[in-house]
S.K.: 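What follows is a single structure, and I will ask about it in a moment.
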Amino acid sequence: MPIRPFLNGEQFDQETSRILGVAFEQVCVALRIGDCDDAVKQTIANKIIALAKTGERNPDLLCECALKEIHQPPVLGLATRSL
């Protein structure tokens, strides 16, 4: 499953694009998303792209970090009322 359709105009060199694709594939396999909605795939791609923008180029670490972010429970904001 290529990441290229989800890059939204982001420009990466060929090797970085390959690495992002590997990480994207690893996350999709780990989450068993198969033929899910493109919005889910876009969310995964966005997380990997954001991590790559910090300079990370190890596909295993990109995958691991993306999965950690996806599995984090939502943070309750100020809009939550106390009971």
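Excluded from the calculations below are hydrogen atoms, water molecules and symmetry mates; all remaining heavy atoms, backbone and side chain alike, are included. Just so it is clear, the structure is predicted and the values come from calculations on it, not from any experiment.
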S.K.: Taking C-beta and beyond as the side chain, do Cys36 and Lys41 meet within less than 4.5 Å on heavy atoms?
M.R.: yes
S.K.: Ile49, Ile70: one ILVMFWY side-chain cluster at the under-4.5 Å cut-off?
M.R.: yes
S.K.: Does Ser17 form a side-chain contact (heavy atoms from CB on, under 4.5 Å) with Ile3? I'd like the steps, not just the answer.
M.R.: CA-CA 8 Å; Ser17 294; Ile3 194 172; 6.0 Å; no
S.K.: List the steps and the verdict of side-chain contact (heavy atoms from CB on, under 4.5 Å) for His71 and Leu31.
M.R.: CA-CA 10 Å; His71 286 115; Leu31 295 176; 3.9 Å; yes
S.K.: Treating Gln42 as the side-chain partner and Phe6 as the backbone partner, does any N or O pair qualify as donor plus acceptor under 3.5 Å?
M.R.: yes
S.K.: Looking at every heavy atom in both Leu62 and Ile48, which two are closest together, and how far apart are they?
M.R.: CD2-O, 4.1 Å
S.K.: Tell me, yes or no, whether the heavy-atom count around Asp35 atom CG, taken from other residues, nucleotides or ligands under 6.0 Å, exceeds 12.
M.R.: no
S.K.: Check for a donor-acceptor pair, side chain of Thr16 on one end and backbone N or O of Phe12 on the other, with a separation under 3.5 Å.
M.R.: no
S.K.: Per the side chain to side chain contact (heavy atoms under 4.5 Å, CB included) rule, which among Asp60, Leu61, Leu67 passes with Cys63?
M.R.: Leu67
S.K.: How long is the straight-line distance from CD of Glu69 back to CD of Glu64, given to the nearest 0.5 Å?
M.R.: 11.5 Å
S.K.: Between Arg57 (side chain only) and Ala52 (backbone N and O only), is there a donor and an acceptor less than 3.5 Å apart?
M.R.: yes
S.K.: Are more than 12 heavy atoms from other residues, nucleotides or ligands located less than 6.0 Å from atom CD of Glu15?
M.R.: yes
S.K.: Taking a hydrophobic cluster as the set of Ile, Leu, Val, Met, Phe, Trp and Tyr residues connected by side-chain heavy atoms closer than 4.5 Å, whether directly or through intermediates, do Ile33 and Val22 fall within one such cluster?
M.R.: no
S.K.: Closest heavy-atom contact between Leu51 and Ala66?
M.R.: CD1-N, 3.7 Å
S.K.: Can you hop from Val29 to Phe24 via hydrophobic side chains spaced under 4.5 Å?
M.R.: no
